[in-house]
**Q** 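Once you've had a glance at the structure underneath, I'll fire off some questions.
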Amino acid sequence: MTGPTTLHLRAESKPLEHRSALTPTTAKALLDAGYKVHIERSVQRIFEDKEFENVGCTLVEEGSWTETPAGHIIIGLKELPEDDFPLKHTHIQFAHCYKNQRGWEDVLSRFPAGNGTLLDIEFLQDESGRRVAAFGYYAGFAGAALGIQVWAKQLLNPGEEIKDVKPYPNEDALVKHLKELITEGVKKSGREPRVLVIGALGRCGRGAVDLCLKAGILTENVLKWDMAETAKGGPFNEIIESDIFVNCIYLNQPIPHFVNRETLANPNRKLTVVVDVSCDTTNPHNPIPIYNINTTFDKPTVAVETTEGPPLLVVSIDHLPTLLPREASEAFSTDLLPSLLSLKDRETARVWVDAEKIFDSKVASLSKL
């Protein structure tokens with residue numbers, strides 16, 4: 001007779017990552033459903049340890065997931081720290097190793113080496129093929145917010161880098177700050193900024209558009225593009241004619257470049273900020289091949305070498321929603337909860353059966369290398 005299923009929330013190791021796959025609200029729902037929930041202590045998680053303890057979770061030491069029984073399910077968000085020891089557990093996380101990202105073989109091979117399993121959150125889908133949980137909305141929301149901040153910084157303090165971006169306590173505080181920046185930027189430049197969002201019909205794109213409108217950018221200056229507008233194939237002059245370009249697509253096949261170094265060499269270019277929310281930096285089919293590194297909250301931009309026009313900066317942070325970690329975590333974890341509640345029936349629950357099939361097919365591809 002087996003006992004209750006145990007979920008172990010590991011502390012995130014990525015610097016400046018404040019989000020959480022579980023929140024006190026969703027952890028309590030799991031406890032009420034008969035699950036055991038272990039929470040690693042964390043000083044950087046937006047939720048304090050006592051918030052989990054108050055709802056009945058068992059607090060354990062940071063990093064203790066490596067020593068827990070193999071039957072415990074380890075849940076987290078970002079990638080595990082780089083290492084090479086075999087993984088014996090089932091892990092629920094974003095692993096970023098299913099689309100031929102740089103080093104994917106090293107990441108994936110650790111699971112079969114230890115008889116472990118990866119149930120990648122990015123590939124959990126409902127009956128219609130839609131992802132059951134994603135940070136897309138808040139990724140787009142935060143990405144557009146940073147794009148506006150960088151645009152304003154370039155106008156108000158030319159040549160001065162934006163550094164050490166901190167999370168906001170709530171959405172209202174963020175929007176208030178952005179409205180102030182836009183007002184100052186418009187006074188300095190004499191015109192309203194124009195923002196082009198590609199992928200505007202998806203979760204991520206809707207977040208970017210909503211942020212722009214809430215921050216006070218004129219509706220007619222927020223260009224909303226999706227597959228219909230990009231069907232003709234890029235590069236697109238409309239991008240370099242905008243002040244801020246926010247890329248929100250889900251890349252799953254080769255497509256023509258949206259913008260490249262040749263199109264940037266235009267003396268009439270207005271574009272000064274690219275926010276690559278999709279962050280397919282190491283993907284060989286990246287449609288924005290003008291940079292090659294991910295940026296971070298402590299150094300959120302990378303400069304692009306250009307021969308014409310104003311300076312151009314790229315924001316390519318791969319955990320943007322941590323700009324609003326509490327709201328983003330609550331929304332994400334609430335969406336993931338119905339799937340987590342079915343983990344006790346993992347062998348028959350469709351979402352987990354399908355996720356394991358994907359894992360098995362990816363592992364099989366390792367043997368073909």
Side-chain angles (χ1 to χ4, degrees), residues 137 139-158 162 174-202 204-249 257-278 287-288 290-291 300-304 306 308-316 320 323:
Y137 181 86
F141 198 93
L146 282 180
I148 291 171
Q149 289 189 41
V150 174
W151 166 82
K153 187 80 167 181
Q154 288 174 306
L155 284 172
L156 303 173
N157 304 98
I162 183 171
L174 171 62
V175 170
K176 180 177 182 291
H177 183 215
L178 294 177
K179 285 183 175 180
E180 294 169 352
L181 289 176
I182 290 172
T183 298
E184 293 179 24
V186 170
K187 285 181 180 177
K188 184 73 178 285
S189 65
R191 63 182 180 84
E192 296 277 344
R194 186 170 94 158
V195 182
L196 172 58
V197 178
I198 295 186
L201 297 182
C204 179
R206 284 189 284 107
V209 170
D210 285 353
L211 180 282
C212 291
L213 298 178
K214 287 184 177 183
I217 295 180
L218 300 175
T219 302
E220 59 268 28
N221 279 10
V222 182
L223 279 65
K224 301 180 281 290
W225 279 27
D226 211 89
M227 294 180 67
E229 290 79 10
T230 59
K232 62 183 180 181
F236 302 108
N237 284 331
E238 290 88 345
I239 291 177
I240 64 170
E241 293 169 355
S242 300
D243 298 282
I244 303 169
F245 165 44
V246 185
N247 177 43
C248 294
I249 71 163
H257 295 160
F258 289 160
V259 64
N260 54 33
R261 293 186 181 277
E262 289 72 26
T263 57
L264 294 177
N266 185 322
N268 297 318
R269 172 175 57 84
K270 293 186 177 67
L271 184 70
T272 60
V273 185
V274 172
V275 182
D276 193 3
V277 181
S278 300
I288 310 174
I290 61 174
Y291 77 102
T301 62
V302 58
V304 178
T306 56
E308 300 283 353
L312 176 62
L313 297 175
V314 174
V315 176
S316 59
L320 282 164
L323 191 69

**Q** Determine the minimum heavy-atom distance between Ala215 and Leu178, stating which atoms define it.
**A** CB-CB, 4.0 Å

**Q** Flag the pair Val197 / Trp225 as yes when at least one side-chain heavy-atom distance between them is below 4.5 Å, and no otherwise.
**A** no

**Q** Just how far is it from atom CG of Asn157 to atom CD1 of Ile162, taken to the nearest 0.5 Å?
**A**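 If we round to the nearest 0.5 Å, Asn157:CG and Ile162:CD1 are 10.0 Å apart.
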
**Q** Do you know which two heavy atoms are closest between Ala208 and Ala144, and how far apart they sit?
**A**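 In this case the closest contact between Ala208 and Ala144 is O-CB, 3.7 Å.
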
**Q** If you apply the rule side-chain contact (heavy atoms from CB on, under 4.5 Å), what do you find for Phe236 with Leu196, and how did you get there?
**A** CA-CA 11 Å; Phe236 302 108; Leu196 172 58; 5.8 Å; no

**Q** Drop me the distance from Phe141's CZ to Lys214's NZ, to the nearest 0.5 angstrom.
**A** 4.5 Å

**Q** Kindly state each residue pair satisfying salt bridge (charged side-chain N to carboxylate O under 4.0 Å, His left out) with at least one member in residues 191-201, sequence neighbours excluded.
**A** Arg191-Asp243, Arg194-Glu241

**Q** Which pair of heavy atoms, one from Trp151 and one from Ile182, lies closest together, and at what distance?
**A**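 Taking Trp151 first and Ile182 second, the nearest heavy atoms are CZ3-CA, 4.1 Å.
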
**Q** Kindly compute the distance separating CG (Asn247) from OG (Ser278), expressed to the nearest 0.5 Å.
**A**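 If we round to the nearest 0.5 Å, Asn247:CG and Ser278:OG are 4.0 Å apart.
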
**Q** What I'd like to find out is whether the side chain of Pro311 reaches to under 4.5 Å of the side chain of Thr306, using heavy atoms alone.
**A** no

**Q** Can you tell me if Thr263 uses its side chain to pair, donor with acceptor, with the backbone of Val259 under 3.5 Å?
**A**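 Looks like no, no N/O pair under 3.5 Å.
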
**Q** How close do Asn260 and Pro235 get, counting heavy atoms only, and between which atoms?
**A**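 Minimum heavy-atom contact is ND2-CG, 3.5 Å.
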
**Q** Can you measure from CG (Asn237) to OG (Ser242) and round to the nearest 0.5 angstrom?
**A**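 One gets 10.5 Å once the value is rounded to the nearest 0.5 Å.
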
**Q** Go through the steps to decide whether Ile148 and Ile217 satisfy the test side-chain contact (heavy atoms from CB on, under 4.5 Å), and finish with yes or no.
**A** CA-CA 10 Å; Ile148 291 171; Ile217 295 180; 3.8 Å; yes

**Q** Determine whether Leu155 and Thr272 make a side-chain contact, defined as any pair of heavy atoms from C-beta on separated by less than 4.5 Å.
**A**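 No - every pair of side-chain heavy atoms lies 4.5 Å or more apart.
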
**Q** Is the shortest side-chain heavy-atom distance between Val195 and Val246 below 4.5 Å?
**A** yes

**Q** Quick check on Lys224: does its NZ atom have over 12 non-hydrogen neighbours (other residues, nucleotides or ligands) under 6.0 Å away?
**A**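 Above 12, so yes.
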
**Q** Starting at CD of Gln154, measure out to OG1 of Thr301 and round the result to the nearest 0.5 Å.
**A**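 Rounded to the nearest 0.5 Å, the CD-OG1 separation comes out at 8.0 Å.
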
**Q** Below 4.5 Å, heavy atoms only, C-beta onward: do Leu264 and Leu271 meet side chain to side chain?
**A**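 Yes, their side chains come closer than 4.5 Å.
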
**Q** Between Leu201 and Arg206, is a side-chain contact (heavy atoms from CB on, under 4.5 Å) present by the stated rule, with each step listed?
**A** CA-CA 6 Å; Leu201 297 182; Arg206 284 189 284 107; over 6 Å; no

**Q** After noting the C-alpha distance and the side-chain angles of Ile198 and Asp226, does the key distance pass the side-chain contact (heavy atoms from CB on, under 4.5 Å) rule?
**A** CA-CA 6 Å; Ile198 295 186; Asp226 211 89; over 6 Å; no

**Q** Is the side chain of Glu184 donor-acceptor paired with the backbone N or O of Leu181 at a distance under 3.5 Å, no angle test?
**A** no

**Q** Between Ile288 and Phe245, what is the shortest heavy-atom contact and its length?
**A** CD1-CE2, 3.7 Å

**Q** Is Val274 close to Ile290 at the side-chain level, that is, under 4.5 Å between some pair of heavy atoms?
**A** yes

**Q** Does any part of the side chain of Val275, heavy atoms only, come nearer than 4.5 Å to the side chain of Cys248, both counted from C-beta?
**A** no

**Q** Nearest 0.5 Å, please: how far is CG in Leu313 from CD1 in Ile244?
**A**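 CG of Leu313 is found 11.5 Å from CD1 of Ile244.
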
**Q** Compare all side-chain heavy atoms of Pro287 with those of Ile249 and state whether any distance is below 4.5 angstrom.
**A**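 Contact flag for Pro287/Ile249 side chains = yes.
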
**Q** If you compare all heavy atoms of Ala142 against all heavy atoms of Leu320, which two are closest, and at what distance to 0.1 Å?
**A**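 The pair with the smallest heavy-atom distance is CB-O, 3.3 Å.
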
